[in-house]
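Scroll down for the structure; my scribbles are underneath it.
This one's a predicted model, so the numbers in the text were calculated from it and none came from an experiment. Along the sequence shown, residues are numbered consecutively beginning with 1.
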Amino acid sequence: MNIETAEFLASSQGLQLLAEAAETDAGTFKLAAFLRSRTTPDFAAAVSSMLHLRKKAEKKFKAAAEMLFTRSGLEQASAEEISNYRTTRFTTAGINSIADLCCGIGGDSISFSKKLKVTGIDLNPARLVFARHNIGVYRNENNFKTLEQDITTVPLTDMGIEAFFIDPARRTQNGERLFHPESWSPKLSEILQLIHNSCPTAGIKCAPGIDHADIPAEAEAEFISYNGELRECILWFGGLKREISRQATLLPGEHILYGTNPQLPVTALKNYIYEPDSAVIRAGLVELLGSQLGADKISDSICYLTADSAVETPFAKCFQIVTSFKFKEKELKQQLKKLDCGSLNILKRGIGVDIPTLQKKLKLRGSKHYTLLLTRSFDEKVAIIAQRC
């Protein structure tokens, strides 16, 4: 988006037009005709697109209906509750002023500016226009200023900045995801150079699928899931890092798991089976969780845990095993018919099964609901029919 369009959308005229357009039925030609009668074709298209982005943003921001977005900025933005949680890491460390590098539309700066003095730095002036507007929506503009500059050349310590946070671009202009840290913009190596040379206290937002081999040895990696979905990994450095290497965090509720993994034996299936949260799995803390639950592993290479009794935990889904057997489709159909199964939630780990195809083949007609876990136990393919605890 160019600066002229951004400034129009953030102006009183543009905001008024957005408000009026929001009251028009967007499902008809009426909206397009209304916008064409009020402004230029380019601005009309921008208003129409903004209404769509605001609707999508409702899942992430409470004040989405008043905010301004770019498509890429919204896609990469964290949910507001995650950003609020991250802010506590800075305040707990006694930080008062931070730089939000590559701040984009200001999604993270919104949360930071509630409790900290924030400098939003970005090379794109249009995004900075949106960032200033969005911080104003939350009435935190007194705690926020912007700087249009390449983040790799900013003298952070000379500016009185105590720490920085960065969410590097991890998509191409076409929206394709970039997985290798050296393909990000800026590259991870450039960010680490900034940490080593300018400001050692920092947080880097990464995709949760980051290869553990790419995580710097001096960083703490916090894997965050939100409402059961793995969302991101934060690398903490300097004064924000604690004396641990990995942490799993589940939001909302701030359920936190960290520690040293013990050795867990591999055993036969017992009465219950646990599926750990994805944050626990990515943090490599399955064995630690198992020790807390009194559970064992069912395989050296599979993250499912099994136990004689059920223990309530936010870190895993627990299922009571109804029956288990060597996985064969014919046997599976017979068992499901015997159990009067009419609906089935299928989970798999370690088995290459196409779930939609299997669902069609089963032709369930019963009245009861079960969960089917397809996995390996002692390297043998097994089917586990269970019910959620």
Side-chain angles (χ1 to χ4, degrees), residues 208-209 211-213 223 225 228 230 246 248 250 257-341 343-362 364 368-389:
D211 192 319
H212 281 212
F223 294 87
S225 73
L230 184 61
R246 303 286 186 271
L250 279 57
L257 180 69
Y258 62 88
T260 303
N261 276 325
Q263 289 289 329
L264 285 186
V266 175
T267 65
L269 289 168
K270 301 178 183 179
N271 297 327
Y272 296 88
I273 188 166
Y274 292 91
E275 182 187 42
D277 185 271
S278 295
V280 175
I281 297 171
R282 286 295 297 136
L285 297 174
V286 172
E287 287 83 359
L288 175 62
L289 176 62
S291 69
Q292 294 180 359
L293 299 175
D296 298 322
K297 297 188 292 186
I298 67 170
S299 168
D300 279 325
S301 59
I302 304 293
C303 68
Y304 287 132
L305 299 166
T306 190
D308 288 319
S309 58
V311 177
E312 187 174 353
T313 175
F315 296 106
K317 296 175 183 176
C318 181
F319 302 88
Q320 184 172 15
I321 297 175
V322 176
T323 186
S324 63
F325 46 89
K326 188 175 181 180
F327 175 50
K328 292 182 179 179
E329 283 190 21
K330 183 177 180 180
E331 174 73 5
L332 176 60
K333 290 178 181 178
Q334 291 174 347
Q335 290 291 342
L336 292 173
K337 183 177 180 180
K338 181 180 177 181
L339 291 169
D340 190 31
C341 180
S343 60
L344 193 64
N345 179 36
I346 302 178
L347 305 174
K348 67 169 185 175
R349 289 191 182 276
I351 294 183
V353 175
D354 184 71
I355 292 178
T357 300
L358 180 61
Q359 284 274 19
K360 292 179 181 178
K361 288 182 178 180
L362 294 177
L364 303 173
K368 297 181 180 179
H369 176 79
Y370 295 92
T371 296
L372 171 65
L373 299 95
L374 300 175
T375 187
R376 292 178 179 272
S377 178
F378 290 104
D379 292 325
E380 182 177 76
K381 294 181 180 180
V382 294
I384 304 166
I385 301 175
Q387 290 184 316
R388 180 74 181 269
C389 294

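Atoms CG and OG1, from Asn345 and Thr371 in turn, are 4.5 Å apart once rounded to the nearest 0.5 Å. For the atom pair Phe315 CZ and Leu257 CG, the distance stands at 5.0 Å (nearest 0.5 Å). Atom CG in Leu293 sits 9.5 Å away from atom OG in Ser309 (nearest 0.5 Å). One finds the CG atom of Leu347 at 8.0 Å from the CG atom of Leu372 (value rounded to the nearest 0.5 Å). Remark: Leu362 CG to Ile346 CD1 distance equals 5.5 Å, nearest 0.5 Å. Taking CD1 of Ile302 as the reference point, atom OG1 of Thr375 lies at 4.0 Å (rounded to 0.5 Å).
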Contacts table for residues 318-338: side-chain donor-acceptor under 3.5 angstrom, sequence neighbours left out:
residue: Glu331; atom: OE2; partner: Gln335; partner atom: NE2; Å: 3.0

Got a list of side-chain donor-acceptor pairs under 3.5 Å for residues 378-389, not counting sequence neighbours?
none

Name each donor-acceptor pair under 3.5 Å that joins a side chain in residues 348-356 to protein atoms two or more places apart or in another chain, with its distance.
residue: Lys348; atom: NZ; partner: Val353; partner atom: O; Å: 2.6
residue: Asp354; atom: OD2; partner: Thr357; partner atom: N; Å: 3.0
residue: Asp354; atom: OD2; partner: Thr357; partner atom: OG1; Å: 2.3

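Evaluation of the side-chain hydrogen bond (donor to acceptor under 3.5 Å, both in side chains) rule for Ser278 yields no partner, not counting sequence neighbours. Residues passing the side chain to side chain contact (heavy atoms under 4.5 Å, CB included) test with Ser343 are His369, sequence neighbours excluded. Applying the side chain to side chain contact (heavy atoms under 4.5 Å, CB included) criterion to Thr260, with sequence neighbours excluded, gives no partner residue. For the ring pair (Phe, Tyr, Trp, His ring centres under 6.0 Å) test, residues two or more places apart in sequence or in another chain that qualify with Phe223 are His212. Here Ser225 pairs with Asp277 under the side-chain hydrogen bond (donor to acceptor under 3.5 Å, both in side chains) rule; sequence neighbours left out.
At least one side-chain heavy atom of Tyr274 sits under 4.5 Å from a side-chain heavy atom of Val311. Within the 4.5 Å cutoff, no side-chain heavy atoms of Leu230 are placed close to those of Ile281.
Smallest separation of non-hydrogen atoms from Leu289 and Pro276: CD2-CB, 4.0 Å. In terms of heavy atoms, Ser291 sits closest to Leu288 at OG-O, 2.6 Å. The two residues Val286 and Cys303 come nearest to each other via the heavy atoms CG1-O, 3.6 Å. Across every non-hydrogen atom of Leu264 and Gly290, the tightest pair is CD1-CA, 3.9 Å. In plain terms, the two heavy atoms of Leu250 and Pro314 that are nearest each other are CD2-O, 2.9 Å.
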Step by step, would you call Tyr370 with Leu364 a side chain to side chain contact (heavy atoms under 4.5 Å, CB included)? CA-CA 11 Å; Tyr370 295 92; Leu364 303 173; over 6 Å; no

Begin from the C-alpha positions of Gln292 and Thr313 and carry the test side chain to side chain contact (heavy atoms under 4.5 Å, CB included) through to its verdict. CA-CA 9 Å; Gln292 294 180 359; Thr313 175; over 6 Å; no

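Sorted by first then second residue, the salt bridge (Lys or Arg N to Asp or Glu O under 4.0 Å) pairs that include residues 296-318, not counting sequence neighbours, are Lys270-Asp296, Glu287-Lys297, Lys297-Asp300.
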